[in-house]
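A short worksheet on the structure shown next.
Throughout, protein chains are lettered first and strands after them, A, B, ... in sequence-line order, and every chain is numbered starting at 1. It should be emphasised that the depicted structure is a prediction, and the values quoted were computed from it without experimental measurement.
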Amino acid sequence: MINKIVQSMADAMAGIQDGSVVLIGGFGAVGQPNALVDGLIEQGARDLTVAVNNAGVGRVGLARLMDLGRVRRVICSFPRSSDPVVFESLYRAGKIELELVPQGTLAERMHAAGAGIPAFFTKTAAGTLLAAGKEIREFEGETYVMEKALHGDVALVEAWQADRWGNLTYKQSGRNFNPVMAMASRLTIVQSQHMVELGDIPPENVHTPGIFVDRVLHVPYGDPSGF
Amino acid sequence: MSATASTTEFRALTRPQMAARLARDIPEGWYVNLGIGIPTQVADHVPLDREVIFHSENGVLGMGPAPAEDKIEPWLINAGKQYVTLRKGGSYVHHADSFAMIRGGHLDLCVLGGFQVAENGDLANWATSENDMAPAVGGAMDLAAGAKRLWVLMDHTTKDGTPKIVHRCSYPLTAVGTTRRVYTNLATLDITERGFVVLDMAPGLTFENLQARTDAPLHR
């Protein structure tokens, strides 16, 4: 019997290596797998590359992971937030690398990774500083930038419902980066607000099918807060 | 150019008036993304019986106005991370699909704020050269390059009177040559083969006065 449900945070985090590329879902606080980020802090992996839309708020969660010196590099579209104190001080001090990526390119690089597409061309960023060093091609008179797939070793995902096969739903705008990160990683770890029986999610309404999911931990934490 | 160069009496548009001016030009049926800042206010000036479908890049299509305090849905936010509502007929998608709507040319209009707009249609709105903070781009480059048309909504000059409507942008570009129209507190300007063409001006403002506040030739 397939059962991707794990009973403890330690089981959820087992085997994450130093030097991993970790994809972390969420847009601001919505859809952000806070418990799993705290689990990663406990687990201890270091020298991480983190791909995430926003580079942490205050001194908790991702900001704390960075504050502990465990993140070498951040790949993100919008490092600023309401309170990006940790990232900005590390960045100014040259203690963390930033790869700034347009938001759609960030999503599509992971989507491509999940779909076995090594690179693609996009108009986004053509003629700008963010195209520096990248291959440029013309198609039908328009200029395009080559962007490479972004694979994760680990994805940390937040879902609304999950079953033992790892089928997932997301709540409202909590979906955001989570599905493409689940697709793009070798090991996809999910925290879910609700656990449901196999078959309870109508097949037409499965947002992420279990083929993209490895582990599910039940974390009924309530509503997101803290942007 | 100093702010005292002209004492001619005119009434610059307020922020709500700027948003309302732009909103008048959005027809029923368009799919529209509004950027963070003044552009977000445009939605408040589109009457609900004119069906314009607002897109938010975090995966919301058919976004409605802010909820009443007691009707907040903690999982439903816009790109500015403010609570919003979903209109009947709205839908949620993941980020790659949301940006496929943008990058695939499915949006009829994107409205962004700006630091500078040039007469060749270049937009600079994400970084200034003297900015020592960590740079942030968000979805601006995707929106500026991908939507069917890009309108910019911004003040005509900086607070100290430096023109933001320019011959060529000096700040790092967001996108090359994609801006079609600029709505400012002083005028509405189309970007054409000839450069900036003035469509209308703030009440009491003369063409010469507008030109004096602009760092590119204006055409009537």
Exercise. Go through the atoms of B:Val93 and report whether side chain, backbone, both or neither lie under 4.5 Å from a heavy atom of chain A.
Key: backbone
Practice problem: Among the options B:Leu173, B:Asn58, B:Val176, pick out the one with the most heavy-atom pairs lying under 4.5 Å from chain A. | Solution: B:Asn58
Practice problem: Look only at the side chain of B:Asp142 and the backbone of A:Gly104, and say whether a donor-acceptor pair between them is shorter than 3.5 Å. | Solution: yes
Quiz item: Side chains of A:Val180 and B:His94: does their closest heavy-atom pair fall under 4.5 Å?
Solution: yes
Exercise. Identify the heavy atoms of B:Met141 and A:Thr128 that sit nearest to each other, and give their distance.
Key: CE-OG1, 3.4 Å
Quiz item: Would you find more than 12 non-hydrogen atoms of other residues, nucleotides or ligands less than 6.0 Å from B:Tyr31 atom OH?
Solution: no
Quiz item: Most heavy-atom pairs under 4.5 angstrom with chain A, which of B:Thr174, B:Leu76, B:Asp97?
Solution: B:Leu76
Quiz item: When heavy-atom pairs shorter than 4.5 Å are enumerated against chain B, which of A:Thr143, A:Leu130, A:Asn178 gives the highest number?
Solution: A:Leu130
Quiz item: Which answer fits A:Phe87, side chain, backbone, both or neither, if we ask what part of it has an atom under 4.5 Å from a heavy atom of chain B?
Solution: side chain
Quiz prompt | Residues, nucleotides or ligands: over 12 heavy atoms within 6.0 Å of A:Glu138 CD | solution = yes
Quiz item: For A:Arg72, does the CZ atom have more than 12 heavy-atom neighbours from other residues, nucleotides or ligands under 6.0 Å away?
Solution: yes
Quiz item: Would one find more than 12 heavy atoms of other residues, nucleotides or ligands at under 6.0 Å from atom NZ of A:Lys95?
Solution: no
Practice problem: Tell me, for A:Thr105 versus chain B, whether the close heavy atoms (under 4.5 Å) come from the side chain, the backbone, both or neither. | Solution: both
Quiz item: Can you say whether B:Asn78 sits under 4.5 Å from chain A via the side chain, the backbone, both, or neither, judging by heavy atoms?
Solution: backbone
Quiz prompt | Approximate separation, where rounding is to 0.5 Å, of B:Trp75 CH2 and A:Tyr170 OH | solution = 11.5 Å
Exercise. Heavy atoms only: give me the nearest A:Pro224-B:Pro74 pair and the separation to one decimal.
Key: CG-O, 3.5 Å
Exercise. With a 4.5 angstrom heavy-atom cut-off, could you sort out which part of A:Ala126 is near chain B: side chain, backbone, both or neither?
Key: backbone
Practice problem: Tell me, for B:Val137 versus chain A, whether the close heavy atoms (under 4.5 Å) come from the side chain, the backbone, both or neither. | Solution: both
Exercise. Mind checking the CZ-OG spacing from A:Phe27 to B:Ser56? Nearest 0.5 Å is all I need.
Key: 6.5 Å
Exercise. Could you tell me which non-hydrogen atom of B:Tyr92 sits nearest to which non-hydrogen atom of A:Gln172, and how far apart they are?
Key: OH-CG, 3.4 Å
Practice problem: Assess whether atom CD1 of A:Ile211 is packed by more than 12 heavy atoms of other residues, nucleotides or ligands within 6.0 Å. | Solution: no
Quiz prompt | Engaged part of A:Asn54 at the chain B interface, taking heavy atoms whose separation is under 4.5 Å | solution = side chain
Practice problem: Verify whether one side chain among A:Gln103 and B:His95 offers a donor that lies under 3.5 Å from an acceptor in the other. | Solution: yes
Self-check item: Side-chain heavy-atom pair A:Glu108, B:Arg103 within 4.5 angstrom cut-off
Solution: yes
Quiz item: With a 4.5 Å limit on heavy-atom distance, are the side chains of B:Ser98 and A:Phe177 in contact?
Solution: no
Quiz item: With a 4.5 angstrom heavy-atom cut-off, which part of B:Phe99 approaches chain A: side chain, backbone, both or neither?
Solution: side chain
Quiz item: Can any side-chain N or O of A:Ser173 pair as donor or acceptor with the backbone N or O of B:Ile77 at less than 3.5 Å?
Solution: yes
